[in-house]
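As the structure lists them, so they are numbered: ligands from 1, and atoms in each ligand from 1. No experiment lies behind these values; they were computed from the predicted model shown. Counting begins at 1 with the first residue of the sequence.
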Amino acid sequence: MKAQRPLSLVVHGGAWNIPDDEKDAHRRGVLNALKAGWEVLKDGGSALEAVERSIVVMENDETFNAGHGSALNGAGEIELDASIMEGETLRAGAVAAVQNIANPISLARAILEKNDALILSGMGATRFAKEHGIRTCGQDALVTRREIERWRASQSAAEKPASRKRKNAPPPFPGDTVGAVALDADGLIVTGTSTGGPPGKPPGRIGDSALVGSGIYADNAVGGACSTGWGEGIIRVVMAKSAIDIMASNGDDPEEAAKGAVALLKKRTAGRGGVIVLNAGGSVGIAFNTPGMSRAYITSSTKGPIAAV
Ligand code: ASP
């Protein structure tokens, strides 16, 4: 009989100081996402489909800062970053600061599969979405009361001179960006992520979640990684690819790779964040230097889903 190849799926819902009264919603949210993706993998579906499904569940859940429920930028608007990469041919698709897209991860996947460009932004991204049946929506469909209140509070804090931050300093939380890494029965590794970015970000700002190497990386020969946290720091240490490079030279240890990538972020940028990692055999590594990180995983060798916040 042919040996069964391992399946594996790990998801996260952001790394920050998750308030106690939001922990249950985070745990439920990452478990729902895991379930949706795992059903795909168990039925023999592709890691690409599993990652998209998991992330769509979290984009549609207003608990998370992605899709519906995203943070507002400094102008009170929603601009979304997302990306997805597959580890066989290293194809990827991404969107940067897009508006009016309900599920940016689905648009990123459509770009991966159907566009010669890798990253789309602005009107071109919206046009491509419409041409390829990706749902567009009004900004109101993505905005929640929680984020309007947060935005108002940040505007009044910003008016006080004492609250001005040093340039390049890591901002305070919250996070709630979402991400997933999957290994399917064909040995394909896929990583994806989606975010509204940091609350109050400058309009037009593009973060690590739109950038292959920083927010995501996937290479079937080594594994997949997905970062979250302070994007400006993550970009400078190319965090997801750094995790993969560490794993390529440490005997495929995903836990050590995750810890190494977070240590690099801290050491070189004083940044805070987290990373989820899978190796090519489906073993999971997770690390973060924030007070909390919502995450869940399941593999062929776990008894069931494992979640923590
Ligand atoms: N890394 C994301 C960004 O900077 C935010 C996050 O992960 O919470 O856009």
Side-chain angles (χ1 to χ4, degrees), residues 10-19 22 26 29-30 33 55 58-59 61-67 69-74 77-84 94-99 104-105 108 119 121 147 150 154 165 168-181 191-217 225-243 258 261-262 264-266 269-277 286-295 309:
V10 54
V11 305
H12 79 78
W16 65 294
N17 194 5
I18 302 164
E22 290 186 31
H26 277 79
V30 289
I55 290 181
M58 293 187 280
E59 287 176 336
D61 180 343
E62 68 174 53
T63 304
F64 301 108
N65 176 11
S70 285
L72 307 184
N73 68 14
E77 294 171 343
I78 286 187
E79 291 185 325
L80 304 170
D81 293 344
S83 56
I84 191 163
V95 291
V98 291
Q99 296 190 301
I105 194 67
I119 309 179
S121 67
E147 293 306 324
R150 246 178 212 162
S154 72
K165 290 187 304 259
N168 280 339
F173 313 110
D176 291 338
T177 288
V178 306
V181 189
T191 304
T193 189
S194 181
T195 188
K201 67 184 180 180
R205 178 263 193 190
I206 294 167
D208 58 294
S209 306
L211 303 178
V212 165
S214 299
I216 59 163
Y217 205 76
C226 178
S227 326
T228 182
W230 183 42
E232 280 63 22
I234 290 170
I235 291 169
R236 286 187 273 143
V237 298
V238 201
M239 189 166 165
K241 178 65 160 66
S242 293
V262 171
L264 181 67
L265 177 70
K266 178 85 180 18
T269 73
R272 284 178 175 260
V275 63
I276 53 174
V277 180
I286 301 172
F288 51 97
N289 64 357
T290 46
M293 178 172 181
S294 53
R295 69 254 188 217
V309 176

So, using side-chain contact (heavy atoms from CB on, under 4.5 Å) as the criterion, who are the partners of Leu265 when residues are at least two apart?
Ile234, Val237, Met239, Thr269
Where is the tightest heavy-atom contact between Asp176 and Trp16, given as atom of each residue plus distance?
OD1-NE1, 2.6 Å
State whether the shortest distance between N or O atoms of Gly207 and N or O atoms of ligand 1 falls below 3.5 angstrom.
no
Hey, does Thr228 come in under 3.5 Å of ligand 1, counting only N/O atoms on both sides?
yes
Given that the side chain starts at C-beta and the backbone is N, CA, C, O, which of these parts of Asp208 lies under 4.0 Å from ligand 1, counting heavy atoms, or is it both or neither?
side chain
Output yes when the distance from some N or O of ligand 1 to some N or O of Gly231 is under 3.5 Å, and no in every other case.
yes
Can you find an N/O atom of Glu232 closer than 3.5 Å to an N/O atom of ligand 1?
no
Of all the heavy-atom pairs spanning Arg205 and Gly231, show the shortest one and how long it is.
NH2-CA, 3.8 Å
For ligand 1, does Arg205 get within less than 4.0 Å through its side chain, its backbone, both, or neither, judged by non-hydrogen atoms?
side chain
For Gly197, take its heavy atoms, then give the atoms of ligand 1 lying under 4.0 Å from any of them.
9 (O)
Between ligand 1 and Thr195, is the shortest N or O to N or O distance under 3.5 Å?
no
Would you be so kind as to tabulate the donor-acceptor pairs closer than 3.5 Å made by side chains of residues 209-217, with sequence neighbours excluded?
none

